[in-house]
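Report on the structure given below.
Residue numbers begin at 1 in each chain, while the letters A, B, ... track the order of the sequences. Keep in mind the model is a prediction, meaning the values are calculated, not measured.
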Amino acid sequence: MPELPEVEVTRLSFADRIAGAEVLSVYLGKALRWPLGCAPAKLVGRTVQAVRRRGKYLLVDLDQGLLLVHLGMSGSLGFARHLAALGKHDHFEMRTSHGTLRLNDPRRFGAVVYVAGEDAPQARKLLGKLGMEPLSDDFDVARFHAGLKRRKTAIKQVLLAGDVVVGVGNIYASETLFLAGIRPTLNAARLSRPRVARLHAAIRDVLGRAVAGGGSTLRNFSSAAGESGHFQLEAMVYARAGQACRVCGTAIKSLRQGQRSTFYCPHCQKA
DNA sequence: CACGGATCCTGATGGC
DNA sequence: TGCCATCAGGATCCGT
């Protein structure tokens with residue numbers, strides 16, 4: 001489910017409401033990707049101060065320490081005053097004075113990790129190598145180009161790796177490369193400055209619009225095609241192998257890169 | 001060190 | 001209750 005826009009929209013959905021809340025109890029279900037890192041009882045009595053985001057991680061600031069929350073491939077967070085009984089895939093729940101925060105994650109690639117601070121070893125391990133925030137002012141063409149020049153692998157895989165720029169997941173990687181007219185297999189270091197500029201613009205444009213549009217993914221959009229207001233985020237290439245390119249009509253191709261599927265238009269995207 | 005591949009887990013889907 | 005293979009929006013870990 002979650003690429004950066006959904007994580008950001010999730011954050012916006014409860015950050016203000018949970019701020020100031022006191023933690024009343026913590027429930028842990030089946031193991032997630034990593035252990036919580038402290039006894040659940042240690043969180044009781046803490047106060048939630050804010051919810052921030054770094055890449056696809058949510059940072060839930062407490063008066064002592066913080067929680068790093070990642071939704072993995074299949075996770076979703078809900079926050080409400082009253083929730084139904086715990087479901088099969090609800091593996092973390094934190095009751096607070098303002099409502100209950102609950103993580104549902106069928107595949108359990110997600111995680112909730114307590115760290116004493118952002119300098120704690122586990123925090124540095126998870127957050128330390130993250131690249132630039134795509135919607136921040138830091139992410140400019142010059143820095144993007146400099147980052148890509150250091151990487152010798154395919155541009156699609158560099159986008160996914162997240163150590164140059166964060167938040168571009170498998171769907172948006174294919175989509176932004178289409179919008180920029182760049183073949184996904186091209187060596188990142190060899191992209192010309194104008195092409196880097198086009199890719200930079202595509203990333204900011206697509207991610208920014210997805211956040212503004214409520215974080216729904218392109219895949220969801222395609223299934224909801226025809227709904228007004230969402231039309232502009234219809235997938236151009238993702239999951240469209242064999243179908244006609246919406247721009248030129250050429251059949252969309254697919255390939256595997258690092259165990260992930262990639263989609264592109266062989267005519268619109270130049271090698 | 002940078003890269004490519006294996007890996008964690010459950011569920012949906014489609015072929016046979 | 002059919003069985004099996006494949007794929008899924010992530011990203012870390014490990015061997016080379």
**Item:** dT13(B) versus dT1(C) - spacing of their P atoms, nearest Å
**Value:** 23 Å

**Request:** Considering only atom P, compute the distance from dC14(C) to dC9(B) and round it to an integer number of Å.
**Result:** 15 Å

**Prompt:** When we call it a touch if two heavy atoms are under 4.0 Å apart, what does Gly258(A) touch: a base, just sugar-phosphate, or nothing?
**Reply:** nothing

**Prompt:** Contact class for Arg33(A) (heavy atom, under 4.0 Å): base, sugar-phosphate, or nothing?
**Reply:** base

**Message:** Nearest heavy atom decides the nucleotide; on that basis, is Asp163(A) or Gln259(A) closer to the 5' end of DNA chain B?
**Reply:** Asp163(A)

Are the side chain of [X] and the backbone of [Y] linked by a donor-acceptor contact shorter than 3.5 Å?
X         : Y         : result
Arg143(A) : Asp138(A) : yes
Lys129(A) : Leu126(A) : no
Arg33(A)  : Gly72(A)  : no

**Message:** Under 3.5 Å, is there any donor-acceptor pair linking the side chain of Arg108(A) to the base of dC9(B)?
**Reply:** no

**Message:** Counting distance alone, no hydrogens or angles: does the base of dA8(C) have a donor or acceptor under 3.5 Å from a partner atom on the side chain of Arg107(A)?
**Reply:** yes

Could you tell me how far apart [X] ([atom1]) and [N] ([atom2]) are, to the nearest whole angstrom?
X         : N       : atom1 : atom2 : result
Leu126(A) : dA11(C) : CG    : P     : 11 Å
Asp105(A) : dT10(B) : CG    : P     : 11 Å
Arg260(A) : dC3(B)  : CZ    : P     : 18 Å
Ile171(A) : dA11(C) : CD1   : P     : 13 Å
Arg151(A) : dG4(B)  : CZ    : C1'   : 12 Å
Lys88(A)  : dC9(B)  : NZ    : P     : 15 Å
Met73(A)  : dC9(B)  : CE    : C1'   : 10 Å
Leu103(A) : dT10(B) : CG    : P     : 15 Å

Using a cut-off of strictly less than 4.0 Å, decide whether [X] has a side-chain nitrogen or oxygen near OP1 or OP2 of [N].
X         : N       : value
Lys56(A)  : dG10(C) : yes
Tyr57(A)  : dT12(C) : yes
His70(A)  : dG10(C) : no
His89(A)  : dG11(B) : yes
Thr153(A) : dA2(B)  : no
Lys30(A)  : dT10(B) : yes
Ser261(A) : dA8(C)  : yes

**Request:** Output yes if the stacking criterion (under 5.5 Å between centres, under 30° between planes) is met for Phe109(A) over the base of dA11(C), else no.
**Result:** no

**Prompt:** Where the side chain of Glu3(A) is defined as all heavy atoms beyond and including C-beta, which of dA8(C), dG4(B), dG10(C) is the nearest nucleotide?
**Reply:** dG10(C)

**Asked** Yes or no on salt bridge (charged side-chain N to carboxylate O under 4.0 Å, His left out) for Asp90(A) and Arg102(A), after CA distance, side-chain angles and deciding distance?
**Response** CA-CA 7 Å; Asp90(A) 294 327; Arg102(A) 182 185 284 182; 3.5 Å; yes

**Message:** When both hydrogen-bonding distances must be under 3.5 Å and the geometry is Watson-Crick or G-U wobble, what is dG14(B) paired with, if anything?
**Reply:** dC4(C)

**Asked** Any side-chain heavy atom of Thr100(A) within less than 4.5 Å of one from Arg81(A)?
**Response** no

**Message:** In this structure, is the centre-to-centre distance between the rings of Phe144(A) and Phe139(A) below 6.0 Å?
**Reply:** yes

